[in-house]
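Proteins come first, then strands; the chains are lettered A, B, ... in the order of their sequence lines, and each starts at number 1. These numbers come from a predicted model, not from an experiment.
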Amino acid sequence: MSHCIASPLQTPVAGDRKIVTFGSNMLGIVRQSVNGARSLSSQGFGDYMMRLRPVASAMRRYSSATKEMTVRDALNSALDEEMAADPNVFVMGEEVGEYQGAYKITKGLLDKYGPERVLDTPITEAGFAGIGVGAAYHGLRPVIEFMTFNFSMQAIDHVINSAAKSNYMSAGQINVPIVFRGPNGPAAGVGAQHSQCYGAWYGSVPGLKVLVPYSSEDARGLLKAAIRDPDPVVFLENELLYGESFPVSAEALDSSFCLPIGKAKIEREGKDVTITAFSKMVGYALKAAEILEKDGINAEVINLRSIRPLDRATINASVRKTNRLVTVEEGFPQHGIGAEICASVVEDSFGYLDAPVERIAGADVPTPYAANLERMAFPQIEDIVRAAKRACYRSAVPLAATA
Amino acid sequence: MASSCLTKTKHNIIISIFKSISISKSKSSFTNRTSTSTNSLSSPVPKYAAYSKTNRTIGFNRCYEQAYFSRRLHSTVSVSNDVAQLVVEPPSQQFLDFPGGKVNFTRKLMFTSNSTAERVHCYRVLDDNGQPFNDSESLKISKELAVKMYTNMVTLEVMDTVFYESQRQGRISFYATTTGEEAINIASAAALNNNDFVFPQYREPGVLLWRGFTLQEFANQLFGNKFEYGKGRQMPIHYGSRKHSYFTVASTVATQIPHAVGAAYSLKMEKQDSCVITYFGDGGTSTADFHAAMNFAAVTEVPVIFFCRNNGWAISTPVHEQFRSDGVVVKGKAYGVPSIRIDGNDALAIYNAVHEARKMAIKEQTPVLIEALTYRAGHHTTSDDSTRYRSIDEIEKWRGDQSPIKRFRKWIENEGWWNDVAESEYRSSIRKQVAQAIQVAERIEKPPVADMFNDVYDVPPRNLNEQEVFVRKTVTKHRRDYPSDVPL
């Protein structure tokens, strides 16, 4: 399929017609980083990965070796390749077949693999999650799509009690090589029941692996790793990232490409403050880092990639270097990902902290619909900048709890 | 069914009924793929055409008694009582092509009743005295098979009694008997192949017993010792054995039903000559999982047997408070799943029904629902005292002549294959074996500490490895504070 450069963040799904744009004129340097290895920057401004604005003139500045790919295409190509490689892999969910996927992630798969491997299901998350788990018990490798992870609450008993715990409870006799994937967290104007982030919920369950890709490379590598993994994986995507384009290396385009599960990626190196983020917030953190650069604060941005297992080693190593930490997430603050990271750092690197840990999270309210209220309910770039400044004692304003 | 819609004495529209209906959007005329047929509870399984993406056919005959306002371009004048006039109308305008198929109209405003005049009939082979009816439809069972079935039922009963007693003595923490449902356990297992995958609820250890699980293996699980296949991670009676194709019991009610459908889907994709069976009680049919699984199985056309042990009670909830339908068998019809109601205390009826269901499931790639009417003659589990919510007389009645073991025994004794001497010898032998198994299991070590940390994931993650090292260090250092029978 063509790696089309979609217009930014278009979400062509039934019921949601919003088009959201991020920033403007965000051009940057391509980062050739694969499997967590660091590479040299090509222009000496430091390594950082940035989202490219899909403007034709901007494209011509980059070397012809790098291709652009939207996250949507990255997921689609990963699914396609894994289904081609292993006949046991099949896709199941609402609207994944004839409709080509509610967010077009499974586009073209029905035509290519037929209705036995791309199953349109009746409206019952509990049903098809349970059926997917049963198929996995028997040796197939299902990829179950939840239209959003908000709907996974209908099936959460099967995700946790039937999938996560089965290998343990059957003493290794039954393993569940299943992947539950779908958009997680807020989109744009979809209201309270469609905007919750489930990273903290699933991240607390032993037996599950929880992945949170950001870029197209993350999406490809982590989805492939998830499908090949013998344990159940919860794969939290982001609706607004589907249409975003990222450069992908030739290595990432290879069909055997795979990223390790449980390794975070340092998107931007720095020495003054560590900012951890995942999914869409990585993009925000990178932009915040640029703004901070102008104020002389050199921020290190960590793309978590994996909530469970959490790459505590990378986070702690970074904090030991910078001595300051800001965690960013869109989910509710209480019992969130930031709380876990903070606890981990306090346990392992307490002596290295020069400032209290700053936790940036979504507001502790069900997500409002009105655009202005929604904007206030989720972290924005300015919030991350302010938090980093507070951590660096550059702000006169006392500590604030959340966004 | 056809008669009520088609009598000329009523002023109904008489239209020839077509069996297969295309759900494509085309408004072309009907396809005459198959001949007409009636649709009643006693008819054979309707044949489903092969799946086809663009032309899915539905082999049903429906006659709904509903009022519909005509949405056709013709006015109601064209809806005439005169058959001759209708016949000259072009077929495509005689009734509307709703999504899901064509439907006859009726002008009567009549609701279907909430109950049927007569309940669905129950298939049985042996009468109350264990004698087969003259015209029973039944397979011939060899002496070996019959005696094996009977002795397994007795083993199950004795095993239940002794294990239950051992819980009362405080030697195990928990137990659930299958009293009254021994025939369901053994006869259904006997009719399956040993590699047909089983998704049990928790009252089907007899299936494992039939497949060769030993008394010692049962006892090991109950005591949670190091030889049990669950590595001491689950409560008693949560047996599981991959080599016996018996999926591990989970306490969650009815979750095994959609799992079974998923496994059957995998079988269908592999085109294997085997099916999946899942067991559940009357209470389990109230869950969302039952509904979703039945619906899914019908839509995806997979080889799965849904075996409902309708034993009258879900802990203290009698069936009258569980559902108001005519039991569970009628629910199959609602989902488009061929169903049968059988006498769950009649071992031969169960054997025949499961045997036939298995054939049907595999050959026609269809789900099948079996509702076995029986009685939970024991308490729900050792945590229950059922005399608190039901009369002792009722319990005693079902433990008496209605008991499946007694009825089957009468039959095999009548055939000359069993007698009192064999009975008492067998029972005392089994009792000794079970007691022996308990004594052995009790003395075996518990699982090692390593078994607390493995199998969470395929490969243990670093944090668990660290925790294990930490636990070992702590236990070694403070030996007195930890149980002495947990090996490191």
Side-chain angles (χ1 to χ4, degrees), chain A residues 87-88 90 92 97-98 110 114-117 119-142 154-155 157-158 161-162 164-175 177-178 206-209 229-232 261-262 308-310 312-313, chain B residues 51-53 197 199 228-234 238 240-243 247-252 254-270 276 278 287-289 291-297 299-300 302 304 447 451-459 461-464:
Chain A
N88 285 326
F90 74 102
M92 184 155 63
E98 294 276 8
L110 175 65
E116 275 200 343
R117 293 185 68 193
L119 215 56
D120 273 327
T121 65
I123 306 179
T124 164
E125 278 74 12
F128 62 76
I131 279 150
V133 171
Y137 288 154
H138 207 268
L140 292 185
R141 301 190 87 96
Q154 302 277 328
D157 179 68
H158 280 294
N161 281 334
S162 300
K165 299 180 183 171
S166 275
N167 197 38
Y168 190 75
M169 284 169 65
S170 72
Q173 296 184 81
I174 314 265
N175 75 313
I178 195 170
L208 280 184
K209 291 180 177 164
D229 199 285
D231 295 312
I261 291 180
R308 179 178 262 270
L310 193 58
R312 297 168 207 271
Chain B
Y51 181 93
S52 151
K53 196 61 190 165
F197 221 71
F199 282 83
E228 81 112 336
Y229 300 140
K231 294 186 190 169
R233 291 174 185 152
Q234 292 226 53
H238 288 63
S241 175
R242 198 184 183 107
K243 67 177 188 226
F247 177 70
T248 311
V249 173
S251 308
T252 45
T255 49
Q256 73 279 6
I257 313 180
H259 297 166
V261 176
Y265 187 78
S266 144
L267 272 185
K268 179 177 158 140
M269 281 184 47
E270 294 168 14
V276 175
T278 178
T287 61
D289 277 341
H291 157 80
M294 289 277 285
N295 192 39
F296 244 100
V299 167
T300 48
V302 289
V304 60
D451 279 348
M452 190 162 101
F453 297 100
N454 53 28
D455 300 325
V456 180
Y457 295 99
D458 189 54
V459 171
R462 206 181 62 178
N463 69 320
L464 287 186

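Put simply, the side chain of B:Phe199 reaches to within 4.5 Å of the side chain of A:Tyr137, judged on heavy atoms. A 4.5 Å side-chain heavy-atom check between B:Tyr265 and A:Phe90 finds at least one atom pair inside the cut-off. Counting only heavy atoms from C-beta outward, the side chains of B:Tyr457 and A:Asp229 never approach each other to under 4.5 Å. The shortest side-chain heavy-atom distance between A:Asn88 and B:Met269 does not fall under the 4.5 Å cut-off.
Taking the six-membered ring for Trp and the full ring otherwise, A:His138 and B:His259 have centroids separated by 6.0 Å or more.
In this structure, chain B has no heavy atom under 4.5 Å from any part of A:Arg141. With a threshold of 4.5 angstrom between heavy atoms, B:Asp451 approaches chain A through N, CA, C or O but not through any side-chain atom. Neither the backbone nor the side chain of A:Lys165 comes within less than 4.5 Å of any heavy atom of chain B. Heavy-atom distances place no part of B:Glu228 under 4.5 Å from chain A, backbone and side chain included. Residue contact with chain B, scored on non-hydrogen atoms closer than 4.5 Å, involves the side chain of A:Asn161 exclusively.
In terms of heavy-atom pairs under 4.5 angstrom with chain A, the leader among B:Ala297, B:Ala292, B:Ala263 is B:Ala263. Chosen from A:Pro122, A:Gly132, A:Gly127, the residue pairing most often with chain B at heavy-atom distances under 4.5 Å is A:Pro122. Per-residue heavy-atom pair counts under 4.5 Å with chain B were compared for A:Ser162, A:Gly262, A:Ala136, A:Pro309, and the maximum is reached by A:Ser162.
Formation of a donor-acceptor pair under 3.5 Å by the A:Asp231 side chain with backbone atoms of B:Asp458 is found in this model. A donor-acceptor pair under 3.5 Å links the side-chain atoms of A:Tyr168 to the main chain of B:Met452, judged by distance alone. The main-chain N or O of A:Met169 is never found under 3.5 Å from a side-chain atom of B:Arg233 such that the two would form a donor-acceptor pair.
Rounding to the nearest 0.5 Å gives a distance of 6.5 Å between CG of A:Asp157 and OG1 of B:Thr255. Note that OG of A:Ser170 and OH of B:Tyr229 are 14.0 Å apart. Values are rounded to the nearest 0.5 Å. For the atom pair CG of A:Leu310 and CG of B:Asn463, the computed distance is 10.0 Å after rounding to the nearest 0.5 Å. Atom-to-atom distance recorded for B:Asn295:CG and A:Ile123:CD1 is 10.5 Å, nearest 0.5 angstrom.
The two atoms that bring B:Lys231 and A:Ala171 nearest to each other are CG-CB, 3.6 Å, heavy atoms only. Heavy-atom minimum distance, A:Asn167 versus B:Asp455: ND2-O, 3.0 Å.
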Exercise. Would you check, one step at a time, whether the test side chain to side chain contact (heavy atoms under 4.5 Å, CB included) holds for B:Asp289 with A:His158?
Key: CA-CA 10 Å; B:Asp289 277 341; A:His158 280 294; 3.1 Å; yes

Exercise. Start with the C-alpha distance between A:Glu116 and B:Lys268, add both sets of side-chain angles, then the distance that settles side chain to side chain contact (heavy atoms under 4.5 Å, CB included), and finish with yes or no.
Key: CA-CA 10 Å; A:Glu116 275 200 343; B:Lys268 179 177 158 140; 4.3 Å; yes

